[in-house]
Amino acid sequence: MQSTITLDQVSKRYRIGTGLTNFRNLFSIDRRNTNPNKYHWAVKDVSFSLLPGDAMGIIGPNGAGKTTLLKLLSQVTKPTDGSIRVNGRLSALIELGAGFHPDLSGRDNIYLNGTILGMRRADIKSRFDNIVDFAGIGEYLDTPVKRYSSGMYARLGFAIAAHVDPQILLVDEVLAVGDYAFQQRCYARMDELRSKGTSLILVSHNMEAIRRVCGRGLVMYRGEDIYTGTAAEAVVAYSDVLRDAARKKQMDVPVEEGISQRVMTFDAEIESVKLLNGHGDAVTVVESGECVSVGIAVRFKEMVRNPVFSLAVRTPDGRIVYDTTTRWMNIETPEFHPGSCCLVKFTLDMSLLAGEYELGVDIAASDFSHLYDSLESALGFSVVGANGAKGLANLNAHFSILNGSNGQ
Amino acid sequence: MIAYFQNVKSLYGYKDLLYTWAYRIVRARYQQSVLGGLWAIIVPITTTLIFSVIFTFFIPVNTGNTPYLVFSYTAMVPWTFFSSSITDMVDSLTGNMNLVSKIYFPREILPIASLIARLVDAFIAYIILAILMVYYKMPITIPGLLLLPFILLIQIALSLGIGFIGGALNVFYRDIRHVFVLGLQLWFYASPIIYPVTAVPENLRSLYYLNPMAGVLEAYRAILIYHTLPGPSIYYSAGVSILALVIGYWVFKRLEFQFADII
């Protein structure tokens, strides 16, 4: 099968500062032989290729080059080095409301945005009702879009981008503003497009969305693709990268947006995570239904007040089986002083069916503004037993026949 | 060279966007204004009236049998189209940064649509010219009208050529905008709009006709007022205009891929 999009060692360099190019440089063919100190590689040596129906999630902290990569893919900007080959129509939803004109009505904007994405008016006309239905803006069709809510903007924007029959669909973070129901519809639409052969590239900080929608994942960090693999593996790799960066104090992302970026400050560090059976022995194999505990050894480097501990159990492909935090359990944790260590323990009934699972652990600030430490995949374990039932949860079914009425 | 024509071809694939974008500009321009499309007439008519008062009563200018009002309005309408479309084209990229830095489409759509949107204004303004000519009982000849589209095309080629260069350079240096506004102002006085070419000293006239707009504006007058064929200067204007268009488009495409990075 022919790939829809191929990147071969693509790099993009930006100039730092606002200096003006001199008039002669504007037209020069070779744009590379200038002072290297004033430049910044936003994307460096990224290669991948997608087949029809592939979906790839791109994750990484702010400033990792994700948006630049999307701009390169959508041909808004040209790579400094390397090549990008695109086969077929590419539709991109990079920013909310780019390609909308605030003074025009929803109706006019559908035509405007559709033609910007390369469609003909006749094609838009034939899809018009579908777009309006999907966006759910029927009664506001003749209202100027400047009066729309940001949710409506997002819905209309996605609806148009997803109805131009793209061979490649690029979606940036924009869906975050939509409500839950709409996001679900978007994911369903992405699945539908994929099944028709559209290649999808999704950039998001929402790890569940990445795992839900994408088969493949690419982790960007400081302009480089430091990991490619399945989406679930990429999410774990991403978590590890951030943890490493936190350890080396390399992250410079403002703490306020920390939780969505999954940035860690390392004021508290998870030293070890163990799965313990009833006798207190560390195990990796658990009987279905057995009562076990997860012991987390934590070292506090700074003063940490009322941290929130959380525990998640996932399948290897990243589906959440169980997720809880001390906050949801209504437990108020105490203060921890710099230099202190402690062992916290979650006790739980492993009411899971046989299979492989992963444990994720994190410690967040009491206001959920950022993480102190996080292990997306702290340890793997397997569950055995449960009498051959299929599924995830062990509901421990019993069977009985009461008062059989034999042929009356 | 081949790439040059491929650009033109791919532009054709986006003709619906061109139409929609021009429509957007016109719609948005008059959306929240009470007088709407009337502004397309008010601006040239007011300037013409002012000059009419000055050059009819204060410093009379000899325009032959033609009323000064018609004489200058005939050139004022195409000039207004020329200068306003160039100003809009210069701003067309920087004014749509959000779009240029986010979505790919052939960038020349933006300046071309700006020009088309001004063309709509020009047509409205021409209606007033027709009314004026009927009012002053001036004959309108059919063969002359047939030539009108060609003169218009020459003018459009010149505007596009200049506008492409101005729009592209303005992305890099915002001074360009001011240079163009000033330049157009000077150009206005260097063109036969508010005075006849006969007012230009004989020995300077060949120099005067180096201005391609001189030939164009004279051609409008020849067709609409004097019912003659345009003079030979129109061939020179046509040549310069086509050259300007070819070079302007080349410069634009040359710089296009840097727009998103700089803007």
Side-chain angles (χ1 to χ4, degrees), chain A residues 12-15 18 20-23 25-29 31 42 67-68 70-80 86 89-105 108-125 144 146 161 170 172, chain B residues 10-33 36 93 95-107 109-110 112-113 117 165 168-176 179 247 250-263:
Chain A
K12 176 72 188 182
R13 193 185 59 180
Y14 281 109
R15 202 156 42 125
T18 54
L20 292 171
T21 2
N22 68 43
F23 229 72
N25 276 356
L26 210 55
F27 288 91
S28 82
I29 301 168
R31 277 169 300 276
T67 302
T68 306
L70 276 194
K71 281 186 181 179
L72 287 164
L73 291 170
S74 62
Q75 300 172 49
V76 165
T77 180
K78 286 231 159 60
T80 314
V86 175
R89 192 211 303 276
L90 181 144
S91 171
L93 192 58
I94 294 194
E95 187 164 302
L96 262 190
F100 281 161
H101 192 280
D103 283 335
L104 297 183
S105 66
D108 288 343
N109 269 303
I110 291 177
Y111 282 101
L112 180 62
N113 206 335
T115 45
I116 288 174
L117 292 173
M119 272 204 294
R120 293 181 307 143
R121 289 182 72 85
D123 298 334
I124 302 171
K125 206 168 214 154
K146 64 182 168 194
L170 310 180
D172 201 354
Chain B
S10 88
L11 181 62
Y12 182 76
Y14 277 88
K15 63 182 191 308
D16 281 13
L17 172 59
L18 194 57
Y19 165 77
T20 314
W21 193 256
Y23 172 81
R24 180 220 79 112
I25 297 174
V26 176
R27 264 308 273 277
R29 187 183 294 155
Y30 300 125
Q31 187 103 75
Q32 280 199 351
S33 78
L93 295 161
N96 291 294
M97 292 182 187
N98 185 30
L99 206 55
V100 173
S101 61
K102 297 290 170 354
I103 307 179
Y104 174 76
F105 55 90
R107 299 332 187 173
I109 296 282
L110 295 175
I112 298 176
I165 296 178
L169 291 181
N170 196 42
V171 172
F172 300 90
Y173 314 95
R174 297 298 141 87
D175 326 46
I176 294 294
V179 171
I247 294 175
W250 178 82
V251 168
F252 189 90
K253 287 312 253 186
R254 188 74 202 239
L255 298 178
E256 178 187 35
F257 67 93
Q258 295 182 51
F259 292 166
D261 298 347
I262 301 288
I263 226 163

*Go through the steps for W21(B) and T115(A) under the test side-chain contact (heavy atoms from CB on, under 4.5 Å), then give the verdict.*
CA-CA 9 Å; W21(B) 193 256; T115(A) 45; over 6 Å; no
*Structural part of I103(B) lying under 4.5 Å from a heavy atom of chain A*: both
*Would T77(A) and D261(B) count as a side-chain hydrogen bond (donor to acceptor under 3.5 Å, both in side chains) if you check the C-alpha gap in whole Å, the side-chain angles of each, and the deciding distance to 0.1 Å?*
CA-CA 7 Å; T77(A) 180; D261(B) 298 347; 2.6 Å; yes
*Within a reach of under 6.0 Å around CZ of R120(A), are more than 12 heavy atoms found that belong to other residues, nucleotides or ligands?*
no
*asked:* For a quick test of reading the model, state the closest non-hydrogen atom pair linking Q75(A) to Y104(B) and the distance between them.
replied: O-CD1, 3.1 Å
*Sequence neighbours left out, what passes side-chain contact (heavy atoms from CB on, under 4.5 Å) with A42(A)? Give chain and number order.*
Y14(A), H40(A), T68(A)
*Can you tell me how far the CG atom of D123(A) sits from the CG atom of D16(B), to the nearest 0.5 Å?*
8.5 Å
_For R121(A) versus T20(B), what's the shortest heavy-atom pair and its separation?_
NH1-OG1, 3.0 Å
*At their closest point, which heavy atom of S101(B) faces which heavy atom of K71(A), and how far apart are they?*
O-CE, 3.2 Å
*Working to the nearest 0.5 Å, report the span between CG of L70(A) and NZ of K102(B).*
11.5 Å
*At what distance, to the nearest 0.5 angstrom, does NE2 of H101(A) lie from CG of N96(B)?*
8.0 Å
*Please report the shortest heavy-atom distance between Y14(B) and I116(A), naming the atom on each side.*
CE2-O, 4.1 Å
*Is atom NZ of K253(B) surrounded by more than 12 heavy atoms (other residues, nucleotides or ligands) closer than 6.0 Å?*
yes
*Of all residues at least two apart in sequence or in a different chain, which pass the side-chain contact (heavy atoms from CB on, under 4.5 Å) check with K146(A)?*
P102(A), D103(A), P144(A), Q32(B)
*L104(A) versus R24(B), closest heavy-atom pair with distance*: CD1-CG, 3.2 Å
